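The structure displayed is predicted, hence computed values, not measured ones.
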Amino acid sequence: MVAVVDDILTVGPEISSEEVGRAQGIFAATDQNKFSLLMAFNLVFTKGEFSGSTGSMYGRNPIMSKVREMPIIGGTGAFRFGRGYAQAKTFTFNTTSGNAVVEYNVYIWH
C-alpha cells in the first residue's frame, strides 16, 4: 500500500480548528510483521509566524504504538538546516473510511 497525501494542518484536532498549513507527502506500508509505515512528509506552513517555511519529516511510523517518534531531517525558510523530531499520537481513527486525526508535536532546532 502506497498513498500520496495533501492533508490540512490545524492548530487543534477539531474540524473547525484554524488551518495553518498542509501535510504533503507519501507513506507506504513497509513491515511484513506489524502495521508500520514509512513516512516522507513536508509540513508546509501557510499561515502564522512560519508561513512560507517547511519542515521535512522522514521515518518509520509503527502506527499501532500509542506515541510514535520520527526525525525531522531539514526544512526551508525559518527551518533551513533544521533538525529535530516529531511525536505522533492518533486522536481519532475511523475504521470504515480509514480517515484519522493525528496529533503531531514537532520540535525543530534551527
Side-chain angles (χ1 to χ4, degrees):
M1 184 271 304
V2 175
V4 177
V5 298
D6 181 11
D7 294 333
I8 61 172
L9 288 176
T10 60
V11 173
E14 300 81 17
I15 194 68
S16 61
S17 186
E18 178 186 6
E19 182 178 329
V20 294
R22 310 290 296 183
Q24 299 171 335
I26 298 171
F27 62 86
T30 56
D31 193 317
Q32 293 183 15
N33 300 310
K34 297 179 182 177
F35 195 31
S36 181
L37 302 173
L38 169 67
M39 309 281 287
F41 270 60
N42 286 310
L43 306 173
V44 181
F45 296 93
T46 57
K47 294 182 182 168
E49 178 183 356
F50 300 113
S51 181
S53 298
T54 67
S56 298
M57 181 175 63
Y58 178 86
R60 184 174 185 270
N61 183 353
I63 64 170
M64 299 309 284
S65 297
K66 185 174 180 175
V67 177
R68 291 91 63 193
E69 187 171 294
M70 290 156 282
I72 299 295
I73 60 170
T76 65
F79 303 121
R80 186 177 296 132
F81 296 116
R83 293 289 182 264
Y85 65 98
Q87 291 181 323
K89 186 163 87 171
T90 302
F91 187 77
T92 61
F93 178 68
N94 183 313
T95 56
T96 304
S97 68
N99 290 331
V101 175
V102 179
E103 175 184 15
Y104 285 89
N105 287 307
V106 181
Y107 304 87
I108 303 176
W109 289 266
H110 55 98

- Message: If hydrophobic clusters are built from ILVMFWY residues whose side chains come within less than 4.5 Å, do Phe93 and Val67 share one?
- Response: no
- Message: On a heavy-atom basis, which atom in Ser17 and which in Gly12 lie closest, and how many Å separate them?
- Response: OG-N, 2.6 Å
- Just wondering, are more than 12 heavy atoms of other shown residues or ligands nearer than 6.0 Å to CE in Met64? no
- Message: Using 0.5 Å steps for rounding, measure from the CG atom of Asp6 to the CG atom of Asn42.
- Response: 11.0 Å
- State the NZ-OG distance between Lys89 and Ser65, to the nearest 0.5 angstrom. 13.5 Å
- Message: Using the rule that Ile, Leu, Val, Met, Phe, Trp and Tyr join whenever any side-chain heavy atoms are under 4.5 Å apart, tell me whether Tyr58 and Val44 fall into a single cluster.
- Response: no
- Distance-minimising heavy-atom pair for Thr30 and Leu37: OG1-C, 3.9 Å
- Closest non-hydrogen atom pair, Ala23 against Leu43: CB-CD2, 4.4 Å
- Spacing of Leu38 atom CG and Asp31 atom CG [to the nearest 0.5 Å]: 11.5 Å
Got a list of side-chain donor-acceptor pairs under 3.5 Å for residues 98-110, not counting sequence neighbours?
{"residue": "Asn99", "atom": "ND2", "partner": "Ser97", "partner atom": "OG", "Å": "3.3"}
{"residue": "His110", "atom": "ND1", "partner": "Ala78", "partner atom": "O", "Å": "2.8"}

- Below 4.5 Å, heavy atoms only, C-beta onward: do Ile8 and Arg22 meet side chain to side chain? yes
- Step by step, would you call Phe41 with Val5 a side chain to side chain contact (heavy atoms under 4.5 Å, CB included)? CA-CA 9 Å; Phe41 270 60; Val5 298; 3.3 Å; yes
- Could you give me the CA-CA distance, side-chain angles and deciding distance for Thr90 and Ile63, then say whether side chain to side chain contact (heavy atoms under 4.5 Å, CB included) is met? CA-CA 8 Å; Thr90 302; Ile63 64 170; 5.7 Å; no
- Task: Taking Ser56 for its side chain and Ile73 for its backbone only, find out whether a donor-acceptor pair lies under 3.5 Å.
- Result: no
- Query: Can you tell me if CD on Glu49 sees more than 12 non-hydrogen neighbours from other groups inside 6.0 Å?
  - Reply: no
- Shared hydrophobic cluster for Ile72 and Phe27 (ILVMFWY, side-chain gaps under 4.5 Å): yes
- Query: Going hydrophobic residue to hydrophobic residue with side-chain gaps under 4.5 angstrom, can you get from Phe79 over to Val20?
  - Reply: yes
- Please report the closest heavy-atom contact between Pro71 and Gly59, naming both atoms and the distance. CD-CA, 4.1 Å
- Message: So, taking the atom named OG1 in Thr46 and the one named CD in Glu19, what distance separates them when rounded to the nearest 0.5 Å?
- Response: 5.5 Å
- Which pair of non-hydrogen atoms, one from Met39 and one from Met70, has the smallest distance, and what is that distance? CG-SD, 3.7 Å
